[in-house]
Amino acid sequence: MAYHSFLLEPISCHSWNKDRTQIALCPNNHDVHIYKKDGTKWTKIHELKEHNGQVTGIDWAPESNRIVTCGTDRNAYVWSLKGEVWKPTLVILRINRAARCVSWSPKENKFAVGSGSRLISICYFEQENDWWVCKHIKKPIRSTVLSLDWHPNNVLLAAGSCDFKCRVFSAYIKEVEEKPGPTVWGSKMPFGEVLFESGPSGVSGGAGEGAGGGWVHGVCFSHSGNRLAWTSHDSTVAIAEGGKTSTISSLSSETLPLLCVSFITENSLVAAGHDCYPVLFVYDGTKGSVTFGGKLDVPKQTSQRGISARERFQNLDRRATSSETTEQGLESLHKNSISQISVLEGGKSKCSTFCTTGMDGGMVTWDVKSLESDLKDLKIV
Amino acid sequence: MSKNTVSNRFRTVDVDEYDENKFVDEEDGGENQLPDIVHVASLTPLCTGNLMEALQAVLKNPPINTKNQNVKDCAEGLVLKVLSAFKSSDVDKGVQSLDKNGVDLLMKYIYKGFETPSDNSSAVLLQWHEKALSAGGLGCIVRVLTARKTV
């Protein structure tokens, strides 16, 4: 696991290029910096300055090599590499609040922007006028859209929002694609249709204490698109399987809320958040249950030295516990909340490396194989 | 600069009230006669000294959906009574007997109890809080804070 500290400020968002040699990130200001990997060192090669507000979302399209960024200045820019320079094209989103997240579709002919004006803008390129046009999905979203993820069929889009719900919309644009075939989430998909909406806090798992729920921070489709996972602010993780029964299984975790989630195989997901370390969850399709798989972090160094009576009383006085850990800081690699997870290698079906960035300005690349061997009884199914 | 000599009353208008997209909470009605049943169900074990049963009974059917404040106060008083009746050594066993949802619910009542402290209630609640925290973790407390329908 390599930890690299880019800056002292939080990394608002990041995105990798196709061969994972360059990373575009926003150092909590109005710019986007692109770093290139030189062996083990990172050098800054580009600075993309165009936004007037903090850049809240970056996505780098692997095939067409275009970067889309969105920010609190209510704009989005599509950047293309012309020679050695990145040139921006403004996209008018027609929103009156900040944009929060952006994502290229799998075929890269359109992208979706979630914003605080309670709508999702789906933008596609119109050849005749040579500019980006956007269409809005408004109903029934009632609050800020925090996270987006596309289904592999390029039409369905999952959105998690602050009105405590996770939904699957159809973002079918007839100008750029043909009618999609039926999927487990539904067969009729006109633009803006809601194919799935989660209840407040999931259905299974005991009596279910009535409405509760929290803002949906992260959503992720599995590789096949048949499963959808989301994490919410009330420290729960939920997975829904598309289909006639459309069951939702949720797990109330014991950790602080998780901010981002990603599938690493069809049955396991990795999520991370305010606890500063990634955690693994395993989904059992036959039983429809989500279980906690383990904490993914550096193994704890157990110090065997005894603790004197004086120290014990001192600890009791200062920290109200007489435990042995005299370490002042966190034991995890990240020293502050993790805000984004991205899969580096292997895709969402057989991920072998993933990367996390957080509020401590650092980036960690995690290797799944070495995690499995380092941490005992960790099984990734 | 011209001074606005016409009425300033428009400044007191709350524009958000007239926004057609305004978020309105979904409310369901509540049942009002629960506390009596719960009252009886928990007092009998309490009198006979069967505290585990009293705990389970009082945590069943919490008045989450009702808007009637009296019902909520009544329920809270009952829970506090049961919690205070436990001996310090039995608190741990009490918490272990609850399932995940039960621990979340217990934590909700504990925090509700903290809001209106009476002579010894805080000390008792703090003991329960410590045990409930080790059972439910920080996620349990987060769920109390993010719950939209309070006990």
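Residue numbering restarts at 1 for every chain, and letters A, B, ... go by the order of the sequence lines.
Between A/Leu256 and B/Val142, the closest side-chain pair of non-hydrogen atoms falls below 4.5 Å.
Remark: B/Lys100 NZ to A/Leu251 CG distance equals 5.5 Å, nearest 0.5 Å. B/Leu138 contributes atom CG, which lies 12.5 Å from atom NE2 of A/His274 (distance to the nearest 0.5 angstrom). We find the CD1-CD distance between B/Ile141 and A/Glu254 to be 11.5 Å, quoted to the nearest 0.5 Å.
Proximity to chain B involves both the backbone and the side chain of A/Ser252, based on heavy atoms less than 4.5 angstrom apart.
In A/Arg94, the CZ atom is crowded: over 12 heavy atoms of neighbouring residues, nucleotides or ligands sit closer than 6.0 Å. Heavy-atom neighbours of A/Arg227 CZ from other residues, nucleotides or ligands within 6.0 Å: above the threshold of 12. A/Ile92 CD1: 12 or fewer foreign heavy atoms inside a 6.0 Å radius. The neighbour count for A/Trp215 CH2, taken as heavy atoms of other residues, nucleotides or ligands under 6.0 Å away, does not exceed 12.
The backbone N or O of A/Thr236 sits nowhere less than 3.5 Å from a side-chain atom of B/Arg143 that would complete a donor-acceptor pair.
Contact detail for B/Gly139 and A/Ser235: the closest heavy-atom pair is CA-OG, 3.5 Å.
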